[in-house]
Every structure is written in C-alpha cells, then in structure tokens.
Amino acid sequence: PAYCQDGTAEAEVQTPEAELEFSWAILWEFIKPQLLALLGAIVLAFGAAVLNIQIPLMLGDLVNVVARYMRENPGNYLREMREPALKLLAYYGLQGLLTSGYIICLSRVGERVAADMRKQLFLSLLRQDVAFFDANKTGQLVNRLTADVQEFKSSFKLVISQGLRSITQTVGCFVSLYLISPKLTGLTVVVMPCLVGAGALIGSFLRRLSRNAQEQVAKATGVADEAIGNVRTVKAFAMEDREMQMYAVEVDKSCAMNESLGSGIAVFQGLSNIVLNCIVLGTIFAGGSLMASEELSPAASSTFILLSIREGISAGARVFEYLKLEPTIPLKGGGRIPYHSLIGRVDFMNVTFSYPTRPKQQVLRNFSLALPPGKTVAIVGESGGGKSTVAALLERFYDPNTGVILLDGQNIRTLDPSWIRGAVIGFINQEPVLFGTSVMENIRFGKPEATDSEVIAAATLANAHAFITAFPEGYNTVVGERGVTLSGGQKQRIAIARALIKNPSILVLDEATSALDAESERVVQDALDRAASGRTVLIIAHRLSTIQRADLICVLSDGRITEAGTHFDLLSRGGLYADLIRRQRAQGQK
Ligand code: ADP
C-alpha cells in the first residue's frame, strides 16, 4: 500500500502522553494473587527496619562498656563484653535473615506482578483493531511491555522496601530525638516537612529534565535506526555525510540535556547533604549522639521515595492505558453459517470508507461490488486507488463508514470475526510474512489443529512440497532471520499452503507487486490456479499480467468500480483498463 511512503498520517493521531490515569483498582487486581508474599515481605521488612534502629543503640552500649572498662579495670573485660557482643551478633544475624527474607518475598511479588502485567498487556494489544496499529508505532507499544513494566516494577519494589524502612526509622528517630531534646524535636517536626516538600519540588523538576533527555536519546536513536535500516538507499544517494550530520545534531542535543541533568542532580545531592549534616550537627549539639545521623538519613530520603511513587504511578498508568482499551471490532462473537450451507457470495453495497487515521481522505465512495460464488473477480486500478482497502474491509480489519458488506446475504458485522478470518477467508498477502519457526508450524498457522498429513497435503496443493522436502531438514527447516532464507516464490507458496489448509470458501489474493522471476511466477501461478478452483476468489491485482483469465475484471477509480467485464470486453471498450494495459506494456512490465 502506498501509505508508507508519506509520513504525514502519523502526526494527526499522536495521543499526547500527558495525563494518563492510574487505576488503583487495576493494580489491586494484579497484586491480589501475590498478597501472601507481599504481606510476608512487609512484615519481614518491618522487622528488619526495627532491628536497624536497635542495632546502633546496642552498638552504643557496647562502646560504653568498652570505654568504661578501659578506664576502670583493664582486667577481665572480655567476660563482661561477651553478653552484649553475642547479643549484638545475634541481632546482626537476625537482621540479615529478615533482610534477605523480605527481599526474596518482594522480588517474587515484583516479578510475578510484572509478568502478569506483561501477559495481560500483550493480550490487550493483540486484541486491538487494526486501526489502533495504524495510529501507534510498534516501537512505542513494545516499549510499554518492556521499559514501562520494568520501571513500574522497580519503583514498586523500591517504594515498599525503602518506604517501610523510612517510616520505621523516621518514627524511631523522632522518639530518640524527643528523649534527647523535646525542643529540637519540635523544630525538626516543623522543618522536616518543608525540606521534604522543597526536595520533592526540585526532584520533580529533575525528573522532567530526565524525561526530556530520555526522549532526546530516543530521537537520536530513531535517526540512526532509520539510516542503518535503509542503508542501501543512504548509500545509493551518497547521503552518509548528511545522515551523520543529522545524527550528530540530535546526539549533541541529548548530550547537553544530560549534562544539565547531571549538574542538577549534583547540586541537589550537595544541598541535601549540607542540610542533613546541619541537622545532625544540631542534634549532637543539643546533647544527642552520632546515632542520629544514621536515623535521619531515611527521613531525608523520603523525598526520594515520593519521587519513586510518582514514577511508579506514571509508568503504571502507561501500562494500564491499553488494558482498559476495548477494540471496536470484537475478536469473537456473532453468528456463523454452517459449513455445508455456506455458498461464498460476497456483496459490497454502497460502501464508503476512510481510514480512521485519515478521516478526511475518502478511499471508497459508494463502492458496490458483487463476488459471485465460485468465480474469480479481479480488481485493478491506479496504485493507491484503494484496492487493498477492499480486501481489508472484507476481512473486517475495519468497518465501513456507511454501507454494508454481505456474506451470503448476511451483514458481516453480525457474523463472528474469528470465524470469518479463521475459516471462511484465506488471505494471501502481497509480501508474505513467515514466522521464525519451522515450515511445518508456519503452514499450521492457518489451522492450529491440523495434522502433519494435512500440512503436507496443503503444501502439495500449493506446489511447495517438492522444494520443502529438498531441504535437509524437510518440514522442520526453520525459516526467517534465524533459519534459511527462502526465495520470494518459495515464501509465496508457503503462504498459499497456509491459506489453503483452512479450506476457505473465499480466497483473497493481494498480489505481489515485486515481480518474481519467470520460473517462480509460473509455479506460483499454477498453485494459485489450482487453489482457486471451487472457491470465490478476489484478486487485488497490482500487475495486470496474471488476471486476464479472471471471470470478471473490475476497474477501481475514484473510490468506486467504473468498468467491469472480461479482459477482452474491457480491451475492446478502450476505457481505463485498456489505458492501464497500454501503460504497463509501455513500462516494459509485460
Ligand atoms: P492500492 O491497494 O490500490 O494501492 P490502498 O488500498 O493500499 O491502495 O490505499 C488506498 C489509499 O488509502 C491510499 O491513499 C493509501 O495511502 C491509504 N491507506 C492505505 N492503508 C492505510 C492505512 N492503514 N492508514 C491510512 N491510510 C491508508
């Protein structure tokens, strides 16, 4: 289809990333199954935190004992030491155990919640309308499955572990501070929230900086990605230097942004250290001990926790966004026509359609077309005229804006889409996509429950059996990037086998635009002719050479059928079809 050639469509439909909603209800659904482990983590983490307050106090006691003995009787201080030392050791041991215990529980919760989120999100993504994928870039969608879930997971773990520690130690800190100096405590109670608030403010500023910097890095990567992905074109136009310049501009921008982010973080850290140390000094001055420093730092780190909560919430919101999104065309549900009474007649009646991503451009206008059962109908016309769109509507990838499409007289909107796609229509695409698995599995994709012999029968019908068995590993040969590279004609024939294994009543051929060599074209054509017999066939013809034997040739122009007839009818009529034929001959495309 022609739409990939101009990038204008994307700009119109970008949803601003801004205010996505975070739903606690959805989060709760994910957490519920892990509740036991989560409670375990919380109890253990709390225990570890309480011990963490105790340990410095005991250490202080121990030091006092040592100091006293050093002064008074330098004799048998080992015996006196033994009890507090052993107790301290035991506390250390226990603290260590609790710590590893809560980390185990927490990482279990985190991993399982993340895995569930990924699975759910993947499922919701796959369920979406084709239009959804027109409007969203694949990379961004995949990012939600990876980076956003990852970010949510780490914030979640961090908030729980640090949060518990922070709360217990802050409380502990205030209690001991109160014992030391009630006045100073009062002061701290007033000052602390202000500090945390100020910290959060600076923090959120830094966060925005960091997000912008990240986006800039992504932009630079996009430039590189495009250039490397299209390296042949870049080379063919000797554009290496220009691409390098474009990349350098983006990289320099991101470098500058990251530098200022680094400076911001540095100043923030420096300032908060100064403030923290002043508080510690104040405490000591008021008669406290150095312990206070140990206990104050978590209080100060609550800024950090507030930030993590926000980060987790915004990552979660991005993950949840598509979980709530319902496709307008359901995957399943609706009527089915029993196989033996299915005739395979299709009628497009007054269909008007524009793509949701380009509402202003009407691709089809009052388009009507009948596909008689068992006959082959070809659609021809200018490239970009809407031929492939007709096939997409029949598959119900989109619904028409007005008008209806009937299958055996029933509106396809009332029929089960999974049945139409899975059992009624066999779709053979212009550029067949094979998955990175065995030939056997690729063909079975058309009918998951097919036996091996059904696969072989379909391959034979598609003229593919001979070349498949010629591979050393036969049907177990892995294709795609990690396996053997197939020629265009071989891919086509596997795709034909994949469509035929469903035994579809209707066959849609969106013909390859790229010419196969004469020999493969002959075998592919042969396979298609055999596949067509006894079926209703719709050929989306991008080249005219292969459709001359079609029962009916329809010329699509201005969004509707303007001419229809056999090859010779249309030739003798001397209209658009005759014109197209003449032009293709002139281009030497035969
Ligand atoms: P043909 O198959 O005749 O070459 P298409 O049906 O592929 O034409 O395209 C018809 C028009 O619809 C073109 O202008 C094309 O740019 C546009 N178009 C095709 N697919 C999409 C899509 N997924 N989203 C938006 N516009 C599209």
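Just so you know, ligand 1 is whichever comes first in the structure, and atom 1 is the first atom listed for that ligand.
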(message) Please give me the minimum heavy-atom distance between Y398 and L393, naming the atom from each residue.
(response) O-CD2, 3.5 Å
(message) If the threshold is 4.0 Å, N to carboxylate O, is there a salt bridge linking E563 and R573?
(response) no
(message) Which heavy atom of I412 sits nearest to which heavy atom of L406, and what is that distance?
(response) CG2-C, 4.4 Å
(request) Considering the heavy atoms of S383, write down every atom of ligand 1 situated less than 4.0 Å from one of them. (result) 4 (O)
(request) Mind jotting down which residue pairs meet the side chain to side chain donor-acceptor pair (under 3.5 Å) criterion with at least one end in residues 338-349? Sequence neighbours excluded, please. (result) Y339-N503, R345-D347
(message) Pairs of nitrogen or oxygen atoms closer than 3.5 Å, one from V363 and one from ligand 1: do any exist?
(response) no
(message) I'd like to know if G381 contacts ligand 1, where contact means a heavy-atom distance under 4.0 Å to any ligand atom.
(response) no
(message) Suppose I only count heavy atoms of S388 and a 4.0 Å limit; which atoms of ligand 1 are within that range?
(response) 1 (P), 2 (O), 6 (O), 7 (O)
(request) Give the numbers and elements of all ligand 1 atoms closer than 4.0 Å to a heavy atom of T357. (result) 24 (N), 25 (C)
(message) Below the 3.5 angstrom mark, is there an N/O of G384, backbone or side chain, next to an N/O of ligand 1?
(response) yes
(message) Can you tell me how far apart OH (Y355) and CG (D134) are? Round to the nearest 0.5 Å.
(response) 7.5 Å
(request) For ligand 1, indicate whether the residue D134 contacts it via side chain, backbone, both or neither (heavy-atom separation under 4.0 Å). (result) side chain
(request) Any atoms of ligand 1 less than 4.0 Å from a non-hydrogen atom of T389? List them with their elements. (result) 5 (P), 6 (O), 9 (O), 10 (C)
(request) Determine, considering heavy atoms only, which of Q362, K387, Q361, R358 sits nearest to atom 3 (O) of ligand 1. (result) K387
(request) Could you check which of F133, Y398, Y355, F397 puts a non-hydrogen atom nearest to atom 12 (O) of ligand 1? (result) Y355
(message) Assess whether a salt bridge exists between R127 and E326, defined as any Lys/Arg side-chain N lying under 4.0 Å from an Asp/Glu carboxylate O.
(response) yes
(message) Checking the side chain of K153 only, and the main-chain atoms of A115 only, is there a donor and an acceptor separated by less than 3.5 Å?
(response) no
(message) Applying ring-ring contact (aromatic ring centres under 6.0 Å, His included) as the test, list every pair that has at least one member in residues 227-246; sequence neighbours left out.
(response) none
(request) Heavy-atom contacts with E382 under 4.0 Å: which atoms of ligand 1 show up? List them by number with element. (result) 3 (O)
